[in-house]
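For reference, the structure is listed below as structure tokens.
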Amino acid sequence: MRSYRTLFRTPEFTPFLFSFAAFAAAQTIGGLALGTLVFRATGSPLLSAVSMFGPQLAQLLGAAFLLSGADRLPPRAVLSGLALAFAAGTTVSALPGLPVGAVFAVLLAQGLIASLGGGVRTGLLNDILPKDGYVLGRSVFNMLWGLMQVAGFAAGGALLALLTPRTCLLLAAALYVLSALGTRLGLTARLPRSSGRPSVSATWRTNALLWSSRPRRLTYLGLWIPNGLVVGCESLFVSYDPGAAGTLFACGALGMFVGDMAVGRLVPPALRPRLAVPLRLLLATPYLFFVLQPGVALSAVATTVASVGFGASLVLQERLMSLTPDDLAGQALGLHFVGMSTLQGVSAALAGTVAQLTSPAVALTVLAAGSVTVTLTLAALGRHEERRPAVSGTRPGVLPEPAATD
């Protein structure tokens with residue numbers, strides 16, 4: 001599948017995107033409104049930031065306890081229920097007089113169930129599209145997410161200038177309901193990909209199985225660490241140049257859009273696997289020059305070029321799916337997104353610490369150098385893995401089933 005026309009003619013793909021767009025818009029508008037509400041109530045920049053981005057860290061707990069549901073529950077029901085749960089939580093957060101502690105309890109619950117939603121949603125995309133359409137479909141999904149973030153934050157800022165934060169939260173809740181309706185009416189009911197009931201033990205067992213394969217481990221690390229360290233670089237834009245931070249973030253979004261479009265639409269499938277390492281090197285190398293403290297124009301060009309390298313994630317996700325049995329696709333992708341979110345948060349904290357001890361320019365360079373080092377190390381380990389003989393009767397990266405024991 002090489003054309004957008006063929007992609008959008010695929011049954012259920014358009015309603016799938018519509019429901020996700022409504023969900024993403026609700027997240028951005030609601031997150032901005034809640035951050036503003038918490039800041040006005042507490043005067044704390046820390047609590048305001050945690051209210052917006054703290055749920056990402058809660059996803060790590062969800063990955064430990066809930067991810068088995070990504071393949072063992074019907075996807076349409078999960079996504080509809082998830083959107084309604086977010087609508088209910090957002091409505092509760094808008095209640096007048098609600099203590100800040102209660103707001104954070106709601107956010108914790110939302111973060112936990114969001115870890116399940118990521119795996120279900122990306123696993124469903126894998127079901128809707130044919131195998132040769134996943135990369136193109138995923139690139140459109142990524143581009144839509146970026147566009148909805150820009151539009152959602154812009155709309156949220158405009159709405160907050162006209163309405164109260166609580167009213168904006170109620171509008172976000174309505175968008176969550178719209179997402180639930182789009183999922184329920186636009187998608188067909190599907191059986192779970194895997195049998196059995198979701199449980200904590202099943203989550204741990206499958207996570208251990210996914211991690212037990214060396215090729216999958218290398219793929220996960222390639223998805224998480226170089227990407228996370230570069231997001232840590234981006235977290236320093238404000239401290240590096242407060243007046244140009246908006247421009248740098250916009251350039252980063254533009255570069256990511258171009259990278260996703262190029263990898264998904266223009267690069268032939270046979271060539272994509274060869275681009276994983278070059279794209280990850282491209283992702284980090286331009287930030288090495290920030291040690292020279294370039295001006296706004298050169299910084300913008302470097303950021304744009306670097307962000308094209310985020311297209312490596314599409315290549316590595318395709319590799320991850322080729323190494324994973326179909327009945328574990330949802331949990332495999334869910335584990336990827338939780339790990340990625342966690343490493344991004346950790347890298348942002350690391351970047352801030354290094355910048356505090358040295359300078360933002362030095363911290364940008366240190367994290368970029370770390371990303372390049374990790375990419376080259378993983379590439380060397382990957383070449384060594386390719387030279388190892390595969391176990392007879394298995395796909396590369398998929399462990400043989402253990403023999404039955406009495």
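Basis for what follows: all heavy atoms, side chains included, without hydrogens, waters or symmetry-related copies.
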[X] side-chain N/O to [Y] backbone N/O, donor-acceptor pair under 3.5 Å:
X: T28; Y: A24; value: yes
X: W224; Y: H336; value: yes
X: R216; Y: L209; value: yes

Just verifying a value: how many Å separate [X] [atom1] and [Y] [atom2], rounded to the nearest 0.5 Å?
X: L378; Y: T373; atom1: CG; atom2: OG1; result: 10.5 Å
X: L223; Y: R280; atom1: CG; atom2: CZ; result: 8.0 Å
X: L34; Y: C168; atom1: CG; atom2: SG; result: 11.5 Å
X: F310; Y: N227; atom1: CZ; atom2: CG; result: 5.0 Å
X: R319; Y: L314; atom1: CZ; atom2: CG; result: 13.0 Å

Between [X] and [Y], which heavy-atom pair has the shortest distance, and what is it?
X: L236; Y: P360; value: CD1-O, 3.9 Å
X: T203; Y: Q331; value: O-NE2, 3.2 Å
X: L144; Y: A21; value: CD2-CB, 4.0 Å

Which donor-acceptor pairs under 3.5 Å do side chains of residues 172-187 form with protein atoms, sequence neighbours excluded?
| from | atom 1 | to | atom 2 | distance (Å) |
| --- | --- | --- | --- | --- |
| S179 | OG | S19 | O | 2.8 |
| T183 | OG1 | S19 | OG | 3.4 |
| T183 | OG1 | S179 | O | 3.1 |

**Message:** I'd like to know if E12 and R190 make a salt bridge, using a cut-off of under 4.0 Å between side-chain N and carboxylate O.
**Reply:**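 Salt bridge between E12 and R190, a charged N being under 4.0 Å from a carboxylate O: yes.
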
**Prompt:** Which of parallel (below 30°), tilted (30 to 60°) and perpendicular (above 60°) describes F290 and Y287?
**Reply:**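 F290 and Y287: tilted rings.
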
**From CA spacing to verdict: side-chain contact (heavy atoms from CB on, under 4.5 Å), L163, L171** = CA-CA 10 Å; L163 305 171; L171 290 175; 3.9 Å; yes

**Over 12 non-hydrogen atoms of neighbours within 6.0 angstrom of CG in L191** =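 12 or below, so no.
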
Identify every side-chain donor-acceptor pair in residues 83-90 under 3.5 Å, counting partners at least two apart or on other chains, and give the distances.
| from | atom 1 | to | atom 2 | distance (Å) |
| --- | --- | --- | --- | --- |
| T90 | OG1 | F86 | O | 2.7 |

**Prompt:** Are any non-hydrogen side-chain atoms of L79 and F23 less than 4.5 angstrom apart?
**Reply:**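 The answer is no; the side chains never approach within 4.5 Å.
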
